[in-house]
**Student:** 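Mind looking over this structure? Questions follow.
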Amino acid sequence: MSDAYTAAWKASIDNPQGFWLNAAKALDWTKAPETGWNAADGWFPGGRINTCHNAVDRHVAAGHGDAAALIYDSPVTGTIATFSYSELLEEVGRVAAMLASLGVGKGDRVVIYMPMIPHTVFAMLACARLGAIHSVVFGGFAPHELAKRIDDATPKVLLTASCGIEGSKVIPYKPMVDEALRLARHGVDHVVLFQREQVTAELAAPRDLDWMELREKTAADAIPACVPVASDDPLYILYTSGTTGTPKGVVRDNGGHATALTWSMTNIYGIGAGDVFWAASDVGWVVGHSYIVYAPLLVGATTVLFEGKPVGTPDPGTFWRTIDRHGVKAFFTAPTAIRAVRKEDPDAKFLGEIGTGQCQAIFLAGERADPDTIGWLEDKSGLPVIDHWWQTELGWPAIASCVALGDLRRKRGSAGFPVPGYDFAILGEDGKPVPQGHSGSVAIRSPLPPGAFRTLWNNKAGYEKNFAGFPGYYETGDAGHFDDEGFLHIMGRTDDIINVAGHRLSTGQMEQIVAQEDGVAECAVIGADDAIKGMIPIGFVVPRAGAENDDTLASRVIAAVRADLGPVAALKTVYTVPQLPKTRSGKILRNLLRKIVNGEQFDTPATIEDPSVPEMLINTVRR
Ligand code: COA
Ligand code: AMP
């Protein structure tokens with residue numbers, strides 16, 4: 001056990017105010033906070049800060065303007081481009097000037113629906129610079145989902161690009177933006193679009209504006225100053241799947257977020273100025289927000305923005321090539337990406353040939369990391385592979401081995417130990433801690449540390465629900481246990497959220513879409529195990545009377561989910577069945593369905609309405 005880890009964890013729990021006030025000193029504040037936390041104002045009440053200043057300007061002011069800030073590596077376009085901190089400052093400043101010219105100021109929302117290109121990073125930081133609130137929407141979501149977010153966030157401006165590139169597919173974005181704005185009740189003042197070489201989008205004046213034309217009108221010497229905001233003022237809204245069809249708008253503050261991310265970079269990942277960090281995620285997810293954009297820049301490190309896939313762009317060696325090429329010191333990806341690489345290169349020939357350069361550790365998160373995948377990766381790379389756990393709501397890791405605090409303990413199947421700042425409890429249904437080794441709901445004693453959400457946009461009640469199940473605790477929605485050595489094991493969700501290829505989705509939301517399809521009387525969508533994606537959704541539909549012979553029903557349902565939620569939902573299998581397994585009180589036995597599609601043993605529940613249904617379902621699934 002590492003003394004440094006134990007001391008840090010204890011200090012953070014015994015004296016959270018002192019611990020985090022001390023951590024906050026790593027940042028530039030326009031008004032330094034004197035208090036750690038209070039219930040009304042969150043972390044660092046009275047403190048004033050600008051996140052963009054801390055991520056960009058101050059490094060230039062400190063004489064590190066020539067240091068590399070951002071490396072854009074895009075195997076799908078054959079581009080590699082590096083932006084120094086000075087260049088990043090100019091680019092961010094110009095986008096800030098563009099937004100300011102459109103009337104965007106402190107507290108205004110800006111929706112960003114963009115691919116993995118540097119302009120997306122410029123845009124996020126430009127919003128932070130102005131004190132505006134960005135809301136990045138992942139490109140794999142369909143117009144309908146984008147519309148929901150537009151209606152909830154009510155942005156002044158929407159930033160987009162002419163296309164995204166998904167492996168070998170070029171995906172035009174403008175038609176999706178137009179459709180979303182057609183569906184949305186809220187109208188934006190302007191759509192600002194970055195034209196990429198691969199697609200030229202049509203712009204409709206006066207609403208639509210060309211990004212580069214607007215940029216031309218700004219001047220390098222007239223960059224808007226960073227606007228100081230209260231520590232608790234929102235930096236961004238990031239929508240994530242909840243248990244209903246309505247996404248939850250997680251609101252991130254400025255001061256707590258910058259403090260927590262800075263602390264995590266130093267003490268979990270061991271990254272500081274001069275180091276190169278690469279999180280192979282997408283800026284549309286929390287991992288992208290925290291560890292592609294903000295955290296590496298806050299500590300003055302170099303971040304890699306990778307526009308590609310783990311495989312096929314061009315081959316399963318792309319991760320190792322990128323790590324080696326840029327001298328990446330720590331690499332972060334999702335287990336599903338490693339499983340995809342392994343499938344195409346089981347003997348790790350690419351890894352063997354290319355190596356991992358200066359990389360010292362590989363971090364995995366986003367879904368449960370199966371011991372076999374960790375074993376393969378450790379064996380083939382010779383590097384420590386650190387599973388760690390967190391959520392959009394928290395914004396940064398809560399369970400990990402804090403490598404940089406000298407804690408390299410790990411056990412395959414466990415995500416590690418509570419990170420300083422987090423006081424975990426495993427609770428039974430009665431809200432009381434269960435004995436060590438027993439499974440229960442994974443909860444975190446409140447208040448949550450800096451960086452964690454303090455509200456949901458337009459939905460304070462929804463936020464409070466997370467704390468209502470177990471008074472005094474935040475309910476993570478995950479189930480797990482502590483083992484006898486203190487390792488925390490996360491075993492799955494207690495609700496209907498599933499992780500598909502590291503993407504968080506709600507089966508409840510899919511059910512809502514399926515239920516609305518013509519000819520569907522009843523339905524269930526469950527998460528089944530998948531060798532590559534970890535989980536995939538599987539649908540069961542009972543046709544309405546008269547629709548029994550509709551061969552197209554399953555394909556219509558699949559198409560509806562793709563059209564409404566987006567391709568990222570990855571619903572590809574739907575079974576048409578005469579009946580669903582139900583209890584006598586009418587509750588659908590989703591757990592039974594899950595076991596049937598996974599081919600697991602099960603006991604038919606005594607409460608089942610019709611005991612012949614499981615056998616019928618087994619035959620349907622086997623067919
Ligand atoms: N824009 C538009 N479409 C997108 C998209 C985006 N940004 N991202 C994904 N999609 C589409 C894909 O093209 C695919 O469409 P298809 O059904 O027409 O093939 C669908 O959404 C599902 O995509 P994905 O889940 O990425 O599956 P895949 O089979 O294309 O790739 C993996 C599988 C494992 C390689 C890929 O999922 C992956 O790299 N996962 C890692 C994810 C990750 O890093 N998550 C971050 C959490 S830390
Ligand atoms: P997201 O908010 O998209 O980051 O998803 C958070 C959820 O992903 C968690 O509640 C877990 O269910 C799951 N998750 C994330 N990381 C891990 C991990 N290391 N092990 C197991 N589950 C994880």
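Read the numbers this way: they start at 1 and go in the same order the structure lists the ligands and their atoms.
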**Student:** Give me the nearest non-hydrogen protein atom to atom 16 (N) of ligand 2 as residue plus atom name, then the distance to 0.1 Å.
**Tutor:** Gly366 N, 3.1 Å
**Student:** Of Ala569, Gly366, Pro115, Pro567, which has the heavy atom at the shortest distance from atom 20 (C) of ligand 1?
**Tutor:** Pro567
**Student:** Can you tell me if Arg562 has a non-hydrogen atom under 4.0 Å from ligand 1?
**Tutor:** yes
**Student:** Does a side-chain N-to-carboxylate-O contact under 4.0 Å join Lys309 and Glu344?
**Tutor:**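 Salt bridge absent between Lys309 and Glu344.
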**Student:** Provide the number and element of each atom of ligand 1 under 4.0 Å from a heavy atom of Ala501.
**Tutor:** 25 (O), 37 (O), 40 (N), 41 (C), 42 (C), 45 (N)
**Student:** Which residue holds the protein heavy atom closest to atom 6 (C) of ligand 1, what is that atom called, and what is the gap in Å?
**Tutor:** Gly140 N, 3.4 Å
**Student:** Counting only heavy atoms, tell me which of His388, Met491, Lys248, Arg504 gets closest to atom 19 (N) of ligand 2.
**Tutor:**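 Shortest heavy-atom distance from atom 19 (N) of ligand 2: His388.
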**Student:** Among all protein heavy atoms in this structure, tell me which lies nearest to atom 27 (O) of ligand 1, with the distance rounded to 0.1 Å.
**Tutor:** Lys533 NZ, 3.1 Å
**Student:** Under a 4.0 Å heavy-atom limit, does Trp390 contact ligand 2 with its side chain, its backbone, both, or neither?
**Tutor:**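 For Trp390, only backbone atoms sit under 4.0 Å from ligand 2.
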**Student:** Are Arg409 and Glu485 ion-paired here, with the side-chain N under 4.0 Å from a carboxylate O?
**Tutor:**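 Salt bridge absent between Arg409 and Glu485.
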**Student:** Could you check whether Trp396 and Tyr294, counting side-chain N and O atoms only, form a donor-acceptor pair closer than 3.5 Å?
**Tutor:** no
**Student:** If we count only non-hydrogen protein atoms and require a distance under 4.0 Å, does atom 32 (C) of ligand 1 qualify as touching the protein?
**Tutor:** no
**Student:** Would you mind checking which non-hydrogen protein atom is closest to atom 12 (C) of ligand 1, with the distance to 0.1 Å?
**Tutor:** Glu166 OE1, 3.2 Å
**Student:** Starting from atom 41 (C) of ligand 1, find the nearest protein heavy-atom neighbour and note its residue, name and distance.
**Tutor:**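 Result: Thr336 CG2, 3.5 Å.
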**Student:** Compare Thr392, Ile490, Thr476 and give the one whose heavy atom is closest to atom 1 (P) of ligand 2.
**Tutor:** Thr392
**Student:** Heavy atom to atom 46 (C) of ligand 1, shortest distance: which of Gly164, Ser281, Pro310, Cys163 holds it?
**Tutor:** Ser281
